There are 2 protein chains.
Amino acid sequence: MAGDEVQSDFTLETLARESLGDTVYTRLAEALIKGRFAPDQRLTIRDLAQSLGTSVTPVRDAILRLIQDEGLVQRSAREVRVPIMTPARYREIRQIRLKLEGLAAREAALKATPADVARLAGLIASNEREIAGKNWFEALDLNQTFHFALAEIADMAVLRGILNRLWLQMGPLIAESYQAGGRLMIEHHYAVLRAVEARDPDAAEQAIVDDISEAGQIILDRLVARSAAA
Amino acid sequence: MAGDEVQSDFTLETLARESLGDTVYTRLAEALIKGRFAPDQRLTIRDLAQSLGTSVTPVRDAILRLIQDEGLVQRSAREVRVPIMTPARYREIRQIRLKLEGLAAREAALKATPADVARLAGLIASNEREIAGKNWFEALDLNQTFHFALAEIADMAVLRGILNRLWLQMGPLIAESYQAGGRLMIEHHYAVLRAVEARDPDAAEQAIVDDISEAGQIILDRLVARSAAA
DNA sequence: ATTTGCTGTTTGATGCATCATCTTTCTTAT
DNA sequence: ATAAGAAAGATGATGCATCAAACAGCAAAT
């Protein structure tokens, strides 16, 4: 039942064996962040299990974890849905991100190595290219990677975990609005890069605050408009 | 198997029916926060199921969720343990708490009703009494309730969820050190109360920052001492 | 005495049968 | 035609059998 590992004798057993449940979790989380599921969409364990070609158990495990992350919500005893973001909730998340990512940017500015700076620069350049090519999925992914990179450079694992969960919650919404932002979504990344390179924590915090505020405003405006319509 | 609900005909069907998995999760989370499990202690699903009188499934569900919260860690494929807090990790959590709870205190000061103020005052008074009586478990619990109350008054559900998880991670450590802090652990709560009552967000943030910094220092000192010894 | 190798045990992962509810659909009486 | 009610279907929760990997003893070899 479990094992049909076709492990070649040549591959090193380097990475920890990932359970099926982990795989499903990762795939569903990615789907959420990339906006593949619409807000309020209902998910059923059996259907997902069928799509993914597993039994219900790993899917159930993954969904339990996603509910714990608040990336999914349990409406009633037998209904799991993609959550609907409210303006109030989005404002709260934005407030929290301002504080947490501000802290991360500040620490990153203090700890960044030249290699870290180069990595950030590379992310911005790639993102610029994808936006120019209108490859919104890739651009969105690179934007997220940039924000996470600051937490990594700051060497703050707990903060990184919190950010991860927040992104999971914002995913369906952001994916929907990213295109509307266009280049504006990474405008402030250059300021972040300069501040980190200059080892200036105050400037780094301010730059990321500006980034989150401005990009967030576009998303919030769209969200408020839609909520008013409904 | 599922249903041996002995639901009296008189009880209102008000609260949502809680699954066995939820019950187990709540009980284990509480045990963690109250420091009933020692750091590095190994937990096995089967043993817990036996203790709790359920099958393995609800326990497995609860443990999956606790691992997601990082309230438990999975060392290897078949080993679940209570995490060991490192000084570096504790410092990071403290930094994060300073920002998040500072934000919560600020918002609470802006939004608090007289009833909210009374609730905070009551929590402090109760805590004072329990400390005087050396009822450390109760005092610890009231301390946590006070910190959570600020997030509730601020009406920040997301922040509250993040705090919850952080507390789960700090639980085993704090429970161990709370006694050492004594009255010092709630010294700054009075300043928080005054600031909230005066609707002064700056003062409220400063007071909670002082509280976390000072109380945290006692815990950190003990943690560093122990880490150095090992 | 220390290492090596075999064997039984422990343990989380996986699949699945079944249950209690909740929905949906169909029937039937007015 | 409408509404009350019954039957059928859908769905997450629960319990459990079984698997493969890890582990613990223990014996044999040097």
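Lettering of chains follows the sequences in order, A, B, ..., and the numbering in each one begins at 1. Excluded from the calculations below are hydrogen atoms, water molecules and symmetry mates; all remaining heavy atoms, backbone and side chain alike, are included. Since the structure is predicted, the reported quantities are computational estimates derived from the model, not experimental observations.
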Tell me what [X] touches on the nucleic acid: a base, only sugar-phosphate, or nothing, going by heavy atoms under 4.0 Å.
{"X": "A:Arg75", "result": "nothing"}
{"X": "A:Leu43", "result": "sugar-phosphate"}
{"X": "B:Thr57", "result": "base"}

query = side chain to side chain donor-acceptor pair (under 3.5 Å): which pairs involve residues 156-174 of chain B, sequence neighbours left out?
reply =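 Matches after skipping sequence neighbours: B:Arg89-B:Gln169, B:Glu152-B:Arg160.
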Over how many whole Å does the gap from [X] atom [atom1] to [N] atom [atom2] extend?
{"X": "A:Asp47", "N": "D:dG9", "atom1": "CG", "atom2": "C1'", "answer": "13 Å"}
{"X": "B:Asp61", "N": "D:dC16", "atom1": "CG", "atom2": "P", "answer": "15 Å"}
{"X": "A:Gln50", "N": "C:dC16", "atom1": "CD", "atom2": "P", "answer": "12 Å"}
{"X": "A:Ile63", "N": "D:dG12", "atom1": "CD1", "atom2": "P", "answer": "7 Å"}
{"X": "A:Arg78", "N": "D:dT14", "atom1": "CZ", "atom2": "P", "answer": "10 Å"}
{"X": "A:Leu20", "N": "C:dG12", "atom1": "CG", "atom2": "P", "answer": "18 Å"}
{"X": "B:Leu66", "N": "C:dG12", "atom1": "CG", "atom2": "C1'", "answer": "16 Å"}
{"X": "A:Ile67", "N": "D:dG12", "atom1": "CD1", "atom2": "C1'", "answer": "10 Å"}

query = Nearest heavy-atom pair of B:Met185 and B:His189: which atoms, and what distance?
reply = O-NE2, 3.7 Å
Per-pair distances, 0.1 Å, donor-acceptor, side chain in residues 28-36 of chain B, under 3.5 Å, sequence neighbours excluded:
none

note = Paired with B:Glu101, the side chain to side chain contact (heavy atoms under 4.5 Å, CB included) test is passed by just one of B:Val192, B:Leu163, B:Asp211, B:Leu166, namely B:Leu163
key: Presence of A:Gln74 side-chain N/O under 4.0 Å of D:dA13 phosphate oxygens OP1/OP2   = yes
message = Please tell me if B:Arg60 has a side-chain N or O lying less than 4.0 Å from either OP1 or OP2 of C:dA13.
response = yes
request  = For A:Val56 and for A:Ser76, locate the closest nucleotide of DNA chain C by heavy-atom distance; then report the residue assigned to the nucleotide nearer the 5' terminus.
outcome  =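 Its nearest nucleotide lies further toward 5', so the answer is A:Val56.
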Among [options], which nucleotide has an atom closest to any side-chain atom of [X]?
{"X": "B:Arg46", "options": "C:dT11, D:dG12, D:dC16", "answer": "C:dT11"}
{"X": "B:Thr44", "options": "D:dG12, C:dG15, C:dG12", "answer": "C:dG12"}
{"X": "B:Glu79", "options": "D:dG15, D:dC23, C:dA20", "answer": "D:dC23"}

key: Salt bridge flag under 4.0 Å for residues A:Asp40 and A:Arg75   = yes
